[in-house]
Amino acid sequence: MPVYNGPTKDLHFVLHETLKIQDSDVPGYDELDADFTSAILEEAGKIARDVLAPVNATGDNEGCHLENGVVRTPKGFQEAFDTLREGGWTGLDCDPEYGGQGMPYVLATAVGEMHSGANMALNMYPGLTHGAYSAIHAHGSDEQKATYLPKMVTCEWTGTMNLTEPHCGTDLGLLRTKAEPQGDGSYKISGQKIFISAGEHDMSENIIHLVLAKIPGGPDGVKGISLFIVPKFLVSEDGSVGARNGVTCGKIEEKMGIHGNSTCVMNYDEATGYLLGQEHKGLRAMFTMMNEARLGVGLQGYAQAEAAYQNAVIYAKDRLQGRDVTGVKNPDGPADPLIVHPDVRRSLMDQKSFVEGARAFVLWGASLIDAHTRAEDDAANGLISLMTPVIKGFLTDKGFEMTVQAQQLYGGHGYIEEWGMSQFARDARIAMIYEGANGVQALDLVGRKLAQDGGKHVMAFFEMVKTFIKENEGNEALKAGFLDPLKAASKDLQAAGMFFMQHGMKNPNAALSGSTDFMHLFGHVCLGLMWSRMAKAAMEALEGGASDKDFYEAKIATGRYYMARQLPATGMHLARINSGAEPVMTLEEAAF
């Protein structure tokens, strides 16, 4: 059975030595001293290792089962979920007014990586609840917040998001679910929603569904969509759970992965719902949590890659296979371990360099969300809005790829379920699809985010890269291995942006045909920047006489690998973008 150990030292390095959160002026960050965050991370890592990971394979093997309208979760899930609840982990960054601990989002993100890496399917239950909590916290009335949030913070009540319908996914303007106004201010919700993660289960007293629906007589398309709170059980005036509402689970989807999370078809039959926010402004309310939700999915992508990588390293060191071509390394055994072979090293370095770069990228993104929500930093909000499709799309594409590489190292055993490696690949695969499929993320990046606010956010990113290079150009150790490759990659990104400016208006297909390449090009530059920052921090630690010399030297070597072997992909992506629409669009539809 696979194992999982929380990468607490790596998380600490990013938070305190690379991002230097303790020196930030964002409110609340002054409390994040190294000793405090270390204690939080160590405890979260123990729960990931000892509580969540041991039931990960159980969840995959048993799955969820629908019995008489109730979804039964896998053995051990309830106890693990209760451990998270009782330890206050579900409300780590929630508002203290409603029972949360009020910690910054960046710390909750670090904890979330470990819990997701240990058991992605289980961690989705509190994760989705947090998203619903955020929407109610931002748009709910005082009465709604008082009614729902305290028990959602503790996960006594869990939450969901209900967007997709059988005939529409991305194009929400087509949705048909109706909300008929009642005389008492409530609405009757009727319709069907599909792909609803954690839509029904047996681990909480109530489930608070957030449902997109249309009020009759409203505007057509997305302008007529409203958002409603629809509890599984109605809530009495005293806050207790009351009568069953008109919402049921009609089916559990049989999926490729995340078997331990119930993905439900939800039927609403004149269920009582309550308007959240303003009429016909439902998408704005729902999208309040999209930066957070999509960052969380990007996190899932690299967290699964981290879990798979940890096990691939163990196997590569233990499995004897062949002899090192430069000389025997295990003279007392019949063969040398796999890890001596260059192509095995290449695969492991691909995985290691991606995961560590992705970790820094996501935690930096989380710090931008904190800067916006805690310090009202509009520039940070603009930057994270630009980065969100890159975080979600690039990290989940590459995260899945890395789980496959980890599986590949096992040879035939990787294809056998008892070794557990296929679960990481199967679980990671969904992250490329939900919360907006990655092709849509690429279209959003190129079609909307680049030009947002006159393009000032992408220009701010270019300036950030340029400033970092200029400030450190006198550092010869950093220059050759990091700054020079980063500068070249940044120029590729700027050239791609220029191509879109020159051709996008007169031929939109020329830009959109290169959207996925642009998203990946952008992602590589972001990881190049993260690795340059981490290398600088590691070099400073070594110069300061750090005791753990091996840790910092490994960071620098891993970063050099990424800059030399992965970052040059920006040139390939630029060449594809510059080919325009013709290679993509020439073939007539009938020829497919």
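Quick note: numbers below take in every heavy atom, side chains included, and nothing from hydrogens, waters or symmetry partners.
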Exercise. Validate the cation-pi geometry between Arg533 and Trp364: distance from NZ or CZ to the six-membered ring centre under 6.0 Å, angle to the ring axis within 45°.
Key: yes
Quiz prompt | Phe233 six-ring face occupied by Arg244 cation (under 6.0 Å, within 45°) | solution = yes
Do any N or O atoms from the side chain of [X] and from the backbone of [Y] form a donor-acceptor pair under 3.5 angstrom?
| X | Y | value |
| --- | --- | --- |
| Ser262 | Glu200 | yes |
| Asp427 | Ile258 | yes |
| Arg426 | Met256 | yes |
| Ser116 | Gln300 | no |
| Lys193 | Leu212 | yes |
| Gln310 | Asn5 | yes |
| Lys449 | Ser385 | yes |
| Gln441 | Gly436 | yes |
| His209 | Val211 | no |
| Gln407 | Gly414 | yes |

Practice problem: Quick one: do Asp60 and His259 satisfy side chain to side chain donor-acceptor pair (under 3.5 Å)? Show the steps, please. | Solution: CA-CA 5 Å; Asp60 186 52; His259 296 153; 3.0 Å; yes
Please state whether the rings of [X] and [Y] are parallel, tilted or perpendicular, taking 30° and 60° as the class boundaries.
| X | Y | result |
| --- | --- | --- |
| Phe461 | Phe522 | tilted |
| His524 | Tyr562 | tilted |
| His130 | Tyr105 | tilted |

For the student: nearest non-hydrogen atoms of [X] and [Y], plus distance:
| X | Y | value |
| --- | --- | --- |
| Met1 | Ala57 | CE-CB, 4.3 Å |
| Glu62 | Pro74 | OE1-CA, 3.5 Å |
| Leu275 | Gln144 | O-NE2, 2.9 Å |
| Leu15 | Ala110 | CD1-CB, 4.3 Å |
| Ala213 | Leu175 | CA-CD1, 4.0 Å |
| Thr90 | Pro126 | CG2-CB, 4.0 Å |

Quiz item: Can you check side chain to side chain contact (heavy atoms under 4.5 Å, CB included) on Tyr133 and Cys94, steps first, answer last?
Solution: CA-CA 9 Å; Tyr133 155 90; Cys94 294; 3.6 Å; yes
Electrostatic pair [X]-[Y], nearest N-O below 4.0 angstrom:
| X | Y | result |
| --- | --- | --- |
| Arg176 | Glu165 | no |
| Asp95 | Lys145 | no |
| Glu42 | Lys46 | no |
| Arg359 | Glu356 | no |

For [X], I'd like to know if atom [atom1] has over 12 heavy atoms of other residues, nucleotides or ligands within 6.0 Å.
| X | atom1 | result |
| --- | --- | --- |
| Glu67 | CD | yes |
| Lys255 | NZ | yes |
| Lys251 | NZ | no |

Quiz item: Is any side-chain heavy atom of Leu122 closer than 4.5 Å to a side-chain heavy atom of Asn261?
Solution: no
Exercise. Using a 4.5 Å cut-off on heavy atoms from C-beta on, say whether the side chain of Ile208 contacts that of Lys151.
Key: no
Measuring from [X]:[atom1] to [Y]:[atom2], what's the distance to the nearest 0.5 Å?
| X | Y | atom1 | atom2 | answer |
| --- | --- | --- | --- | --- |
| Gln278 | Arg284 | CD | CZ | 5.0 Å |
| Asp377 | Leu368 | CG | CG | 8.0 Å |
| Ser204 | Trp157 | OG | CH2 | 10.0 Å |
| His457 | Asn381 | NE2 | CG | 7.5 Å |
| Thr18 | Leu363 | OG1 | CG | 9.5 Å |
| Asp93 | Ile369 | CG | CD1 | 10.0 Å |

Would you tell me whether [X] and [Y] have side-chain atoms, one donor and one acceptor, within less than 3.5 Å of each other?
| X | Y | value |
| --- | --- | --- |
| Gln22 | Asp33 | no |
| Thr158 | Thr129 | no |
| Thr160 | Asn162 | yes |
| Thr177 | Gln192 | no |
| His201 | Thr73 | no |
| Asn56 | Gln423 | yes |

Exercise. Quick one: do Val247 and Met266 satisfy side chain to side chain contact (heavy atoms under 4.5 Å, CB included)? Show the steps, please.
Key: CA-CA 7 Å; Val247 51; Met266 302 301 299; 3.7 Å; yes
Practice problem: Verify side chain to side chain donor-acceptor pair (under 3.5 Å) between Thr154 and Glu156, making sure each step is shown before the conclusion. | Solution: CA-CA 5 Å; Thr154 62; Glu156 292 171 80; 2.8 Å; yes
Practice problem: Not counting sequence neighbours, which residues clear side chain to side chain contact (heavy atoms under 4.5 Å, CB included) with Val26? List them please. | Solution: Ser24, Tyr29, Asp370, Ala371, Arg374
Quiz item: Between Thr37 and His16, is a side chain to side chain contact (heavy atoms under 4.5 Å, CB included) present by the stated rule, with each step listed?
Solution: CA-CA 9 Å; Thr37 58; His16 290 288; 2.5 Å; yes
Self-check item: Ring center gap for Tyr98 and Tyr148 short of 6.0 angstrom
Solution: no
Quiz item: With ring centroids as reference points, do Tyr434 and Phe195 lie under 6.0 angstrom apart?
Solution: no
Quiz item: Going through the distances and angles, do Ser134 and Glu292 end up as a side chain to side chain contact (heavy atoms under 4.5 Å, CB included)?
Solution: CA-CA 9 Å; Ser134 296; Glu292 174 190 310; 3.3 Å; yes
Quiz item: Could you walk me through whether Phe228 and Tyr187 pass the ring pair (Phe, Tyr, Trp, His ring centres under 6.0 Å) check?
Solution: CA-CA 9 Å; Phe228 298 88; Tyr187 293 77; 4.9 Å; yes
Exercise. Under the side chain to side chain donor-acceptor pair (under 3.5 Å) rule, what do Asn438 and Thr396 come out as? Steps first, then yes or no, please.
Key: CA-CA 8 Å; Asn438 285 357; Thr396 59; 2.8 Å; yes
Quiz item: Between Glu113 and Tyr302, does a side chain to side chain donor-acceptor pair (under 3.5 Å) hold up when you go through it step by step?
Solution: CA-CA 8 Å; Glu113 179 200 322; Tyr302 85 81; 2.9 Å; yes
